[in-house]
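Here's the structure we're looking at; comments come further down.
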2 protein chains.
Amino acid sequence: MKSITIKDVAKNSKVSATTVSRVIHGNSKVSPKVREKVLETIKSLNYFPNENARAIVNKRTNVIGLVLTDISNPFYPTLLRGIENTINKSNFSMILCNTDENPTKEERFLRILLEKRIDGLIIVPTGPDISFLKTFEARNIPIVCVDRVVRNVETDSVVVDNFHGAFIATEKLIQSSHQRIAIIGGNKNIFTIGERFRGYTEALDTHGIVTNQDYIKMGGFTIEDYEQDTLNVFSLATPPTAVFSAGNLSTIGIYIALNKMKKKIPRDVSIVGFDDLVWVEALTPPLTAISQPIYQIGATSAQLLLQRMLHEGPSEKQNIMLSTSLVIRESC
Amino acid sequence: MKSITIKDVAKNSKVSATTVSRVIHGNSKVSPKVREKVLETIKSLNYFPNENARAIVNKRTNVIGLVLTDISNPFYPTLLRGIENTINKSNFSMILCNTDENPTKEERFLRILLEKRIDGLIIVPTGPDISFLKTFEARNIPIVCVDRVVRNVETDSVVVDNFHGAFIATEKLIQSSHQRIAIIGGNKNIFTIGERFRGYTEALDTHGIVTNQDYIKMGGFTIEDYEQDTLNVFSLATPPTAVFSAGNLSTIGIYIALNKMKKKIPRDVSIVGFDDLVWVEALTPPLTAISQPIYQIGATSAQLLLQRMLHEGPSEKQNIMLSTSLVIRESC
DNA sequence: TTGTAAGCGTTATCAG
DNA sequence: CTGATAACGCTTACAA
C-alpha cells in the first residue's frame, strides 16, 4: 500500500518536488500556471503532506502536550477548552494525558511526549518536584504549569488565588454568625487543596475562632469518602453549623449526606463550596460558591505557551495569579 | 542548538547507529557488552529517540485521534477515560479535538489528523455524512464511530440503545400513572437525541396516550434554554405532571426552573432523566435516571480500534449496541 | 554480532 | 521562477 508522496505530485505535475513543496506552504514565488497545475494534481491525487516528515526537517511538530490529573474532574473540561480554543488559532494540536495523581504515570507520559517532540507542554504537576521537567528545560521546550506550581525548574505558571478564595468563603460563613465551621476536602498535599486549607484556617484565626480538629476532614478522594466525612462530622456530640467544601467532588458528597440526614440547608447547616460549576445551581438550595475563572486560566496558559513557542514576549518567566470571586446563592 | 541523535550515541559508544537502533527496541541480537555500553551513553547523553523520524520509516505514529463535540459535556470525560486507559496499554497517545457540532471545524481537524498520520480515529460525528472519512477509508486508517453512526462509510461503531432507554424512562413515568408527560431536550437532528425522542413517542403510543405538541420542547442548546423551556411548559393552561429530560444539560435546566417555580419534585412534577452522572444524586430529590455504561462505551471503542490497528479480529465491521438501565431514585 | 548504504517524505540551499 | 542535491533522524536489507 504505497502512500502518495510529494514526489508523486511532482511527477504528475511534471515539476520538481521542490516546486510542489513551494506551492504547498505558499511562501515562495511560483508561476500561476505551475501553481494551478500542481494544486490540481494535489486534488486529483488526494494528496496530503506528511506532517511527520515535515516535523523532522522543521524541528517543529505543531503539537503540544496537556498533562493533567483527570479530565473527569469537572474542573478540567473547561480548562481544556480554554487551552484548545487558544492554540487552535495558531494551528496547534494537543495530546492529552491523565496522570491520576500518579508520578510514575506522569513520568511515562512526559517521556512519550518528549519523544514525540512536542513543541510545548502545559502541565498540572502531580507534585512540586517533577525531575523529568529538567529534560524539557534542557531542550528549551517551553513549559507552563497550571493550577499548581513546581519548584525544581523555573516555568511560566497560571494559578488561582486559592488561599484568598477559601478565606472569603470561610469569612462569609463567619459573617453569617457561624462559629462551628467544618472543612471537608481532599488531600492537603495537593497544592490547591493545601492553599484552600490555609485560607480556611487563616480566616478562623483572624476572627479569633479556635480551630476544632474534629471539624477538619481533609483526605477524601471519592464522593463516597466525602459523604462519609460529612456523616461523621455531623454525628459529633457538638456538630458544626456550617461547612466549607474545599472542592467540587466534596460538594456532591456533602449534599448527598445532608439529604440523607434530612438536614435542611441553610436552616440546619450552611455551606459554601469551592468551584462554581454548572450543576451547583440545580442543587437545592443553589450553592453559594467560590468561582474560579476556569476557562480563562486555560486560555491564559495557552497564550503564555504560544508566546514562548513563537519566541515572543518577555524572557523572564511569568507567574500569573488569577483571582476568585464569591457567588452568593442560598446555601448560606 | 543541535539535538542529540542516534549518531551521537553511536559515536560516543564507538558503534554504528544501526547497533544503537537495535539496542533501543531490543528485538535484534546485540552482545551484552555493547548493549551495556550503549545504554550507558544513552543515559549519559540523555538521549531520547525521535518518534517522528521513527514514524516516517515505520509508517506508524502510535497516535490516535479522538474527535468529539465538546469535552465540557459531562458525558465525554468518562468516555475519554475509557478510551485512554485502553489505548495506553498498547502505548498509544491521543490527540483530542472538539468540534462543537460544527462540520467545518470537524473537517479541519480530520485533515490535520490525517496529515499527522494518526493510526486510527475515534469519532463522534457531527452528522450522518462525513465525506472526509472517505479519505481515511481510502488509506485504510481504521475508524470507530462512537455514540452516533455515519452512513457514507462503513465503520466499526459503538452506540447505546437510546431508543430503548427513552422508552423505559417514559414508561416508568406512565406506570407512575402520569398521562401528561413533557419532553425537554436538544436538537432532534443529533442522532442520540432523535432516538430518545422516538423512544418517548413510542412509549406514549404504546400506552395509548396522544402526544401533545405543547409538551414537546426539543431544540434547546444551553442550560438557559432548557430552563426557559421548563418555565414555558409548566405555565401552560394544562401543564404536564411529569417530564422526561432527554439529556444531562436539560436536567440541570429543569431542576433550576422547577426550584424557581417552587414546584416540589415528585409531588408536583415527576422527572426521569437521561444520563446518570455523579451529581444527579446530590439533587433534591436525587434523580431517577437512565444510566449509560459510558466508560465501557469508551473502552469498547478503543478495543475495536486497537484490533483494527493491530490487524487482529474479524474483518467485517462490528456494530455494537450497549444497553442502558433505569436507576430508580426519588424524582419519580 | 556488527556495519554500510539505501530509503522514509519533507524542506533548505544553492545554482541556473 | 525552477530544480538538483543534501540533510533531517531513524530503520532495514544486505554484507561482512
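Just so it is clear, the model here is predicted, and its values are computed rather than measured. Letters A, B, ... mirror the listed sequences (proteins, then strands); counts begin at 1.
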With nearest nucleotides of DNA chain D determined for B:Val20 and A:Lys14 from heavy-atom distances, which residue corresponds to the more 5′ nucleotide?
A:Lys14
B:Arg81 versus B:Asn85, side-chain donor and acceptor atoms under 3.5 Å
yes
Would you please confirm or rule out a distance under 4.0 Å between OP1 or OP2 of C:dG9 and any side-chain N or O of A:Ser3?
yes
What I want to find out is whether A:Glu36 reaches A:Lys33 closely enough, with some N-O distance under 4.0 Å, to be called a salt bridge.
no
Indicate whether the side chain of B:Thr19 and that of B:Ser16 have a donor and an acceptor atom separated by less than 3.5 Å.
yes
Specify the separation, in whole Å, of atom NZ of A:Lys29 and atom C1' of D:dC1.
10 Å
Does A:Arg54 have a side-chain nitrogen or oxygen under 4.0 Å from the phosphate oxygens OP1 or OP2 of C:dT11?
yes
Pairing of B:Arg111 and B:Glu107 as salt bridge, 4.0 angstrom limit:
no
Selected nucleotide, minimal atom distance to A:Val57 side chain, candidates D:dG3, D:dC10, D:dC8:
D:dC8
Is it the case that the base of C:dG3 and the side chain of B:Arg22 share a donor-acceptor contact (distance under 3.5 Å, atom types as modelled)?
yes
Nearest-nucleotide comparison on DNA chain C, the residue closer to the 5′ end among B:Arg117 and B:Pro32
B:Pro32
Rounded distance (Å) that lies between atom P of D:dG9 and atom CZ of A:Arg60:
17 Å
When you look at A:Asn91 and B:Arg108, which way does the side-chain hydrogen bond (donor to acceptor under 3.5 Å, both in side chains) test go after all the steps?
CA-CA 10 Å; A:Asn91 274 299; B:Arg108 182 169 158 270; 3.1 Å; yes
Donor-acceptor pair present, A:Thr18 side chain and C:dA12 base, under 3.5 Å:
yes
A:Ser16 side chain near D:dG3 phosphate (N/O to OP1/OP2, under 4.0 Å):
yes
Can you measure B:Lys37 atom NZ to C:dT1 atom P for me and round it to whole angstrom units?
20 Å
Rounded to whole angstroms, how far apart are CG on A:Asn50 and C1' on C:dG7?
14 Å
Taking only the side-chain nitrogens and oxygens of A:Lys59, find out if one of them lies under 4.0 Å from OP1 or OP2 of D:dG9.
yes
Check whether any side-chain nitrogen or oxygen of B:Ser31 sits under 4.0 Å from OP1 or OP2 of C:dT1, and answer yes or no.
no
Heavy atoms under 4.0 Å, any strand shown: does B:Asn58 hit a base, just sugar-phosphate, or nothing?
sugar-phosphate
